[in-house]
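So the structure is just underneath, and the comments pick up after that.
Owing to the predicted nature of the structure, the values given are computational and were not obtained by experimental measurement. Convention: sequence-line order gives letters A, B, ...; per-chain numbering from 1.
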Number of protein chains: 2
Amino acid sequence: MTSTDPGPLRPTRQRRAVVGVLGTFADFRSAQDIHELLTSAGEKVGLATVYRTLAALADAGEVDVLRNEDGEAVYRSCSDSHHHHLVCRSCGATVEVEGPAVERWTRAIAEQHGFTDVSHTLEIFGTCTACSGSS
Amino acid sequence: MTSTDPGPLRPTRQRRAVVGVLGTFADFRSAQDIHELLTSAGEKVGLATVYRTLAALADAGEVDVLRNEDGEAVYRSCSDSHHHHLVCRSCGATVEVEGPAVERWTRAIAEQHGFTDVSHTLEIFGTCTACSGSS
DNA sequence: CTGCAGTTGACAATGATTCTCAACTGATTG
DNA sequence: CAATCAGTTGAGAATCATTGTCAACTGCAG
C-alpha cells in the first residue's frame, strides 16, 4: 500500500522541458498555462504529458500544487521544506512562509481529537502592495 | 463593487428542501451527492438549482465549502463564526475547530509583507480514532 | 385576480483532467 | 551496432463537475 517505490523516472526531453519552464516563473500556474508556455517556447510537449509530469513531480514533492478559486490545480516549483503560501489575489505573486507555531497547533488540535497521521493545507490570500493601489 | 446587497431570496420549496437535507448530515458532501439525497427523499429539485442554491448559501456564509482532493466542491452547513475543519481522511467525520492564534498569525504574516484584505483557508486532515483501528 | 421579478428545470455548453492505445525512445545487452 | 523491452508520449476521445440558456413557473405586492 504505502509503496515507497518511486519507479524509474526516465529523464526525457519532455520532462526536462517541463522542469525547465517551472523554473521561469515564481507564481502558481495551471497545467494548461504551463503547456502554453512550453509550446510558445518551441517545445513540443503533449498536454497529457504535461499533466502526467506535473502529477509525478507533485507526487515527488518537487512542486507545490494548490487549487485556485475555480478548483483548478495550479503548480509551482518549491523549496523542499514544508511551508505555506501567501498569494496575491490579484497578480498571483507568491511568498513562501513558514509557521512552526501553526504546525504545532494543527498537530495538537488533531491529537486532542484522537486524529492521527495528520496533515493540513493552509494558504493565505490577500492583495499585495503593488495591486492595492489600483482600484 | 463590494455590494452588500443580498438581494431578495425567496423561500421556495426547492431552497427549503436543500437547507433541509443540509441538516441531515455532518460531513462534507458534493453538490451531486446532495442532489441525490434530495431525489431519493422524494424532493424534485433540478441539479442546476442545487448548485445555485448551494452557491447562494455559501455566499451568505450559511454553509462551508471546501475542495476535496479531486477539486470538487463539497458543502456542509456550519455555525456562523469563522472556523476551520479537522476532517477524517477515511470516514469524512468533521470537527469544527477555532484557532485565534492562527487567525492572528496569518494576518500578521500578510501585513508584514504588505498584503491587505487578507483571508485564508486552513483544513486539517487525519485519521480519526474509529478509523485508525482498521487496516 | 394580475403582473412582474425572482426562480426553476431540462439540456446544451464549457473546460479541466483522465483515459486509451498504438507508435516511440532510451538504456541495456549480446 | 542491432535487437529488445519497459517506460513514455501524443492525439483525440471520454469523463465529469459546473455553468449558461431560456422559456415556463410561482410567490408576493397591488
Side-chain angles (χ1 to χ4, degrees), chain A residues 3-22 27-60 62-76 92, chain B residues 3-22 27-60 62-76 92:
Chain A
S3 161
T4 333
D5 170 48
L9 229 285
R10 223 181 307 184
T12 63
R13 172 181 64 74
Q14 292 85 336
R15 293 220 244 255
R16 257 186 298 261
V18 172
V19 173
V21 282
L22 278 171
D27 48 348
F28 285 88
R29 302 294 179 85
S30 71
Q32 313 253 358
D33 285 343
I34 293 174
H35 178 241
E36 278 177 34
L37 284 175
L38 243 15
T39 300
S40 67
E43 290 283 2
K44 312 293 184 62
V45 182
L47 181 55
T49 299
V50 172
Y51 272 102
R52 278 185 295 239
T53 303
L54 249 16
L57 289 174
D59 212 57
E62 290 181 45
V63 299
D64 281 329
V65 199
L66 57 85
R67 303 265 173 185
N68 64 19
E69 301 177 342
D70 296 325
E72 292 178 79
V74 284
Y75 308 80
R76 177 199 133 126
Chain B
S3 163
T4 333
D5 171 49
L9 230 285
R10 225 180 308 184
T12 63
R13 172 180 65 74
Q14 291 85 338
R15 293 220 244 257
R16 256 187 300 260
V18 171
V19 172
V21 282
L22 278 171
D27 47 348
F28 285 88
R29 302 293 179 86
S30 71
Q32 313 255 357
D33 285 343
I34 294 174
H35 178 243
E36 278 177 34
L37 284 175
L38 242 15
T39 300
S40 64
E43 290 284 2
K44 310 294 183 58
V45 182
L47 181 55
T49 298
V50 172
Y51 272 102
R52 278 185 294 239
T53 303
L54 248 16
L57 289 174
D59 214 56
E62 290 181 44
V63 300
D64 282 329
V65 198
L66 57 84
R67 304 265 173 186
N68 64 18
E69 301 178 342
D70 296 324
E72 292 178 80
V74 285
Y75 308 80
R76 176 199 133 127

| query | Taking for each residue the nucleotide of DNA chain D with the nearest heavy atom, is it A:Arg52 or B:Thr12 whose nucleotide lies nearer the 5' end? | reply |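 Checking each residue's closest nucleotide, the 5'-ward one belongs to A:Arg52.
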Rounded to the nearest angstrom, tell me the gap between atom [atom1] in [X] and atom [atom2] in [N].
X: B:Arg16; N: C:dT7; atom1: CZ; atom2: C1'; value: 13 Å
X: B:Asp70; N: C:dT17; atom1: CG; atom2: P; value: 11 Å
X: A:Tyr51; N: D:dA11; atom1: OH; atom2: C1'; value: 15 Å
X: B:Leu47; N: D:dA17; atom1: CG; atom2: C1'; value: 9 Å
X: A:Glu72; N: C:dG15; atom1: CD; atom2: P; value: 10 Å
X: B:Leu38; N: C:dG9; atom1: CG; atom2: C1'; value: 13 Å
X: B:Arg29; N: D:dA17; atom1: CZ; atom2: P; value: 16 Å
X: A:Gln14; N: C:dT25; atom1: CD; atom2: P; value: 9 Å

| query | With no hydrogens and no angle check, do the side chains of B:Tyr51 and B:Gln32 hold a donor and an acceptor under 3.5 Å apart? | reply |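 There is such a pair between these side chains.
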| Would you say B:Arg10 reaches C:dA5's phosphate, i.e. side-chain N/O to OP1/OP2 under 4.0 Å? |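 No, because none of the side-chain N or O atoms of B:Arg10 sits under 4.0 Å from OP1 or OP2 of C:dA5.
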| Does B:Arg13 place a side-chain N or O at less than 4.0 Å from the phosphate oxygens OP1/OP2 of C:dT7? | no
| note | Shortest non-hydrogen pair, B:Arg10 vs B:Arg15, comes out as O-NE, 3.0 Å
| task | Tell me, with the steps shown, if A:Glu43 and A:Arg13 meet side chain to side chain contact (heavy atoms under 4.5 Å, CB included). | result | CA-CA 9 Å; A:Glu43 290 283 2; A:Arg13 172 181 64 74; 3.5 Å; yes
| task | Consider the side chain of B:Ala48, meaning its heavy atoms from C-beta on, and name the nucleotide among C:dG9, C:dT8, D:dT18 that approaches it most closely. | result |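 Between C:dG9, C:dT8, D:dT18, the one nearest the side chain of B:Ala48 would be C:dG9.
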| query | Run the side chain to side chain contact (heavy atoms under 4.5 Å, CB included) check on B:Arg29 and B:Leu37 step by step: do they pass? | reply | CA-CA 10 Å; B:Arg29 302 293 179 86; B:Leu37 284 175; 3.7 Å; yes
